[in-house]
Amino acid sequence: MIRTLRLSWLVSVVASLALAGEGKWTPQQVQQLGAAWVKQQGFTIPLDEKLLSNAVQLPGCSGSFVSKQGLLITNHHCIVSILQEHSTPQQNLVKDGYLARTSADEKASKSYRIQVPRRFLDVTKDVLDALPPPTPSPQGASSPNLDDLQRYKSVEATQKKLVADCEKKPNTRCTFAAFDGGLFFTLTEFLELTDVRLVFAPPSSVGDYGGEIDNWMWPRHSGDFALVRAYQDGKPFEPGAFFPLSTQGVKENDAVAILGYPGVSFRAQLADEMAEREARWYPNVRALTAEWQAIIEEEGKRSPDALIATADDLRSILNTKKNAEGQLAGFARGKILEKQRAAEEKVKVFAAKKVEFAPALEAHAGLTALNTERIQTWDRDFLLDWTGRGARALQWPLLVSRRSVEAQRPDVEREPGWQERDLPRLRERHERDQKRYHPAVDQRLFVSWVKRALALPKDQRIAAVDAVFGAAKDDAAIVKKCSELAAASKLFDLETRKKAFDETPAQLTARADPLLNFALALDTERRALRDRREMQSGRVLRLRPVWRRAVIAEAGKLVAPDANSTLRVTFGRVRGYSPKEAVQMAATTSLAGALAKHTGEEPFDLPKKIVDAAAGKGVVPAKVPVDFLADCDTTGGNSGSPVIDAKGKLVGVNFDRVWENVANDFGYNPEVARNVSADVRYLLWILTTVEDAKPLVAELTAAK
Ligand code: ASP
């Protein structure tokens, strides 16, 4: 049940009665917007809590139940880990796909989890009541306060307590989230389903048709969908709600809604903070990922092993790189900074006129000052953060050393993510990562990071790097040192790493493993960075809500908060768009377009069975829908999200945005805000015409 938000400042707010494309609304906000508003968006069914709860959270993705017998739909790219788990050199499920014709053929995953929301709680009062009384600020509210760290720690302690209490129930996972930098807080209670079995995945030449070339692009022709079945106590799980698949589909201008768990967006950031993203974050991400791409591709050409081991990492690196490029292009095209500055000026003028919002001006100054402060050590902090991706020679020893330090503390004092409740997920990484490790690639990724660290300016040095690599005067010496460290380390061995994961810092030191010692030293610096950030986050918790309150009051209507991996709903219409002058994109694609792209060469190599079926009697490829666009407000994490029509039938599975819309994370632009979904009629066509899987089709289309 939804405990109504106790936010007096919202009560007086009148919901805008415009057609909404913009807005990743919380379930509570959908209630506040009201039934009349939802109807105005074109919906003939109420979007009540039972219906919304059918949007489930998956690792990094979203999904929804599509039958009474626990059948769940998501994207092909969201279940690649299950396909990898069951692939052998003889049978590559990622490449070939899979269809379980009977329940006995379904393939269980060892680690895939589905989180089904059970309760959405507003816990703002719990958090605020526990806060220590504020101490006066000697240099004014915009400067650091003595109690900033305490505030952060208090919120973290409340979070851990709420989560621990909530997870006392069996098979329960609970997540805590802050909205608008701490304006309000929620706790979502999920039923966790761990018995998940693969039912259907198309070959990657359908699921990922067009590959990296078409990624973030339109027109698109991917059948990016997959089906798994959830079990509970050995029987198919019976969901509270499910979305039967529509055989009617959608057409231009039809109303749709998307339910899911968008990860993160940045619209509430100040223009200065956005400028940091544009000037520093994305250019550096682009440069780093481009370098990694070159390394991986070069090694891949040299060795087929490297190609297999790094396939998934490469895909994710390329996705990150293209995303960074799209964000940068979008910043310029959408004039995002200029727009945000102008919007901020309006809020400042508004706040200056109203006594109750006057503190917002100081909050704005405080957030701006904090941004400037962060920039002082930006390059160093960026590199310390990016030890989490790239070389396993950094990731693995850091994982082990961090775990050993955290394990010294009582469970309640450990950082979120490192508590007992998190250990199964951390342990699963060992084996999964091992498959992705290739020594030659890893060595070069390690060198690339070290070289960047050695090139840091004088006032931003990483002491641990200088201590180990300081004597290396040229590239050859750095390469030599990196390979010596890796060669002397036992951590690349899976069993050794698993064992080291449960050792104390003293035991780790006694191993006299030079790479591990380097990581222990590096971890100390990363911890210092985390401590600094906790203090800064305490400041943000103090300042951002004050600023946001003024922003929302000035808007005079409900404002959807930035994405934070909690359940959101976005309403839109099926619509094409114009990416540039004289070019008009249609809203839908079909199998005819997929065939037109087919060259037989990856990534445009439709499977023979699809090509043959398309040429079959009675099949009109132009009448087999494949993908469609809508102007819904989505971002990363919305992959696999159900796209429902006005009657609550499933018409699509969201999987991407168009290139011109990548930067919507910083602002919604109705002209180009288009999300890309796979049309479920393509899935039904494949299952019927290509696979002859009638029972599955019957299950997918059965009425409620
Ligand atoms: N492709 C994204 C995802 O994986 C969706 C998006 O960024 O629009 O969640």
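Whatever order the structure lists ligands and atoms in, that order sets their numbers, starting from 1.
Residue pairs that meet the side-chain hydrogen bond (donor to acceptor under 3.5 Å, both in side chains) test with at least one member in residues 253-272, sequence neighbours left out, are Lys251-Asp254, Ser265-Asp562, Arg267-Asp633, Asp272-Arg341.
Remark: the Asn654 side chain and the Asn638 side chain contain no N/O donor-acceptor pair separated by less than 3.5 Å. In the model, Glu660 has a side-chain atom that pairs as donor or acceptor with a side-chain atom of Tyr577 under 3.5 Å.
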So what's ligand 1 close to, N/O to N/O, under 3.5 Å?
unit_1	atom_1	unit_2	atom_2	d
ligand 1	1 (N)	Ser639	OG	3.3
ligand 1	1 (N)	Phe655	O	3.0
ligand 1	4 (O)	His77	NE2	3.1
ligand 1	4 (O)	Ser639	OG	2.3
ligand 1	7 (O)	Gly636	N	3.3
ligand 1	7 (O)	Arg657	NE	3.4
ligand 1	7 (O)	Arg657	NH2	2.8
ligand 1	8 (O)	Arg657	NE	2.8
ligand 1	9 (O)	Gly637	N	2.7
ligand 1	9 (O)	Ser639	N	3.1
ligand 1	9 (O)	Ser639	OG	2.7

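With ring centers used as reference points, Trp281 lies 6.0 Å or more from Phe266. Here the two rings, on Phe243 and Phe65, have centers that are 6.0 Å apart or farther.
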Task: Test log, rule side chain to side chain donor-acceptor pair (under 3.5 Å), inputs Lys435 and Gln84 - done: CA-CA 10 Å; Lys435 286 196 181 146; Gln84 274 175 334; over 6 Å; no
